[in-house]
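Here's the structure, in structure tokens; my notes come after.
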Amino acid sequence: MMSKIPLVDLKAQYMAIRPEIEAAIQRVIESTAFINGPDVAAFEQEFAQFCGAAYAVGVASGTAALQLALQACGVGAGDEVITTAHTFCATAEAIVHAGARPVFVDIDPCSYTLAPEAVARAITPRTKAIVPVHLYGMPADMDAINAIAQQHGLFVIEDAAQAHGALYKGRPVGTLGHVACFSFYPGKNLGAYGDAGAVTTNDPAIARRVLALRDHGRAIGPDGKRSKYEHDQVGYGERLDTLQAAILRVKLRYLPEWTARRQMIAQRYLELLAGAPIGLPFTPPDRQSVWHLFVVRVRRRADIQAHLAAQGIETGIHYPIPLHLQKGFAYLGYRAGDLPHTEAAAQEVLSLPIYAELSEAQQVCVVHALREAGSCL
Ligand SMILES: *Cc1c(COP(=O)(O)O)cnc(C)c1O
């Protein structure tokens, strides 16, 4: 029996960078600057630079990033926000918590990202913003989405939770719309050791609003200093912890190397799986994925998953139930059949193990098991 192959291996990554991580944690504890410590501002500057953005604002999670970004754009009660149902539920939750109504439209079946023509059809006088999701690490079709937004005066808020460093026409995600939202959930390409997130933008007004909202609406003076006792608006306790910022600073230095490994691993999967009777991921030539997930399409998914599991290979489904068919969003009134490409994808997608430390031998095992399953099922 060979050793297990997990979907993602956080321990292997930690072992490779352990001394640096422990030094960073120790430094923060000794400084006792747990809230708004110097590592937060330093990480924000480094992450902004990584994204080619003028501003990055650290927040408590990717979900908080989305909610604060939406509010910073003025999204609120009575507004509609167009997004995809083929995503993690936080994308739509944030829209609801901002006070608006999510409007789900179908995906492009090849890229799994928002279909621009479906976005165009869903626009009403109430539409305020579009939230494209750069799913599985691949940017959405941003030129087409931005053109629609411009025509109707809408905000574009990127959900870049899965796509740190991904490129669209050579430009990194994070400044492709008005504002972008990142998650540093532990399993993401850049993961903290707990919850964390960030908002990036080139718009100083949006950056300022997110800065105030994350920290109880505290007034921010022209010198950039926060007032301790003046609260200009009702905000939130959604700050980025200094400890997480210090950990993220260490890991950000490795991210380009880890991304290159993921890209190499994805390329090898594509080569090893060529000709197999499964649907392989497609990357449009103007985009570069950072392969948060390597997602194939199969018919008898449950059988294939069981066959792989029996050999110690863990797989995932991202996502089995589209948001428009979740109980939590039933009040929006969608029905099965409303988003055919989304619903078909939900039935067939299967995520294979991918992470920077995945070895060639492990990959060969995964592919062997998959080919075996494909021919015997
Ligand atoms: C992970 C994720 C989020 C939420 O991020 P958290 O940090 O877990 O709150 C939002 N959108 C997408 C697409 C995600 O994958």
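Just follow the structure's listing: the first ligand is 1, and inside any ligand the first atom is 1.
- Close contacts between ligand 1 and Gly62 involve ligand atoms 5 (O), 6 (P), 7 (O), 9 (O) [criterion: under 4.0 Å to a heavy atom].
- Partner of Leu114 under the side-chain contact (heavy atoms from CB on, under 4.5 Å) criterion, out of Val131, Ile107, Ile130: Ile130 alone.
- Taking the six-membered ring wherever Trp is involved, the centroid distance between the rings of Phe104 and Tyr334 falls below 6.0 Å.
- In the hydrophobic cluster analysis, where Ile, Leu, Val, Met, Phe, Trp and Tyr join through side-chain heavy atoms closer than 4.5 angstrom, Val173 is grouped together with Tyr168.
- Checked by atom type, the side-chain pair Gln311/Glu372 shows a donor-acceptor distance below 3.5 Å.
- Nearest protein heavy-atom neighbour of atom 2 (C) of ligand 1: Lys188 NZ, 2.7 Å.
- A perpendicular orientation is assigned to the rings of His86 and Tyr319, their planes being inclined by more than 60° (bins at 30° and 60°).
- Taking only nitrogen or oxygen atoms, main chain and side chain alike, Tyr185 does not reach within less than 3.5 Å of ligand 1.
- Those atoms of ligand 1 with a heavy atom of Ala161 less than 4.0 angstrom away are 2 (C), 3 (C), 10 (C), 11 (N), 12 (C), 14 (C), 15 (O).
- The side-chain hydrogen bond (donor to acceptor under 3.5 Å, both in side chains) check on His318 picks up Ser351, with sequence neighbours excluded.
- Between the side chains of Glu158 and His178, no donor-acceptor pair of N or O atoms lies under 3.5 Å.
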Take Glu22 and Arg18, measure what salt bridge (charged side-chain N to carboxylate O under 4.0 Å, His left out) needs, and give me the verdict at the end. CA-CA 6 Å; Glu22 292 185 351; Arg18 186 173 175 166; 3.4 Å; yes

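- Of all atoms in ligand 1, listed by their number and element, those nearer than 4.0 Å to a heavy atom of Thr87 are 13 (C).
- Taking a cut-off of under 4.0 Å to the non-hydrogen atoms of Val133, the atoms of ligand 1 that pass are 13 (C).
- Closest to atom 15 (O) of ligand 1, if we only count protein heavy atoms, is Gln162 NE2, 2.8 Å.
- At least one N or O atom of Asp159, backbone or side chain, sits closer than 3.5 Å to an N or O atom of ligand 1.
- Near Thr91, the atoms of ligand 1 lying under 4.0 angstrom from a non-hydrogen atom of the residue are 11 (N).
- Counting atoms of ligand 1 from 1 in the listed order, those under 4.0 Å from a heavy atom of Ala90 are 4 (C), 10 (C).
- Among the atoms of Phe184, none of the N or O lies under 3.5 angstrom from an N or O of ligand 1.
- Residue-level proximity to ligand 1 for Thr63 is carried by backbone and side chain together, each with a heavy atom below 4.0 angstrom.
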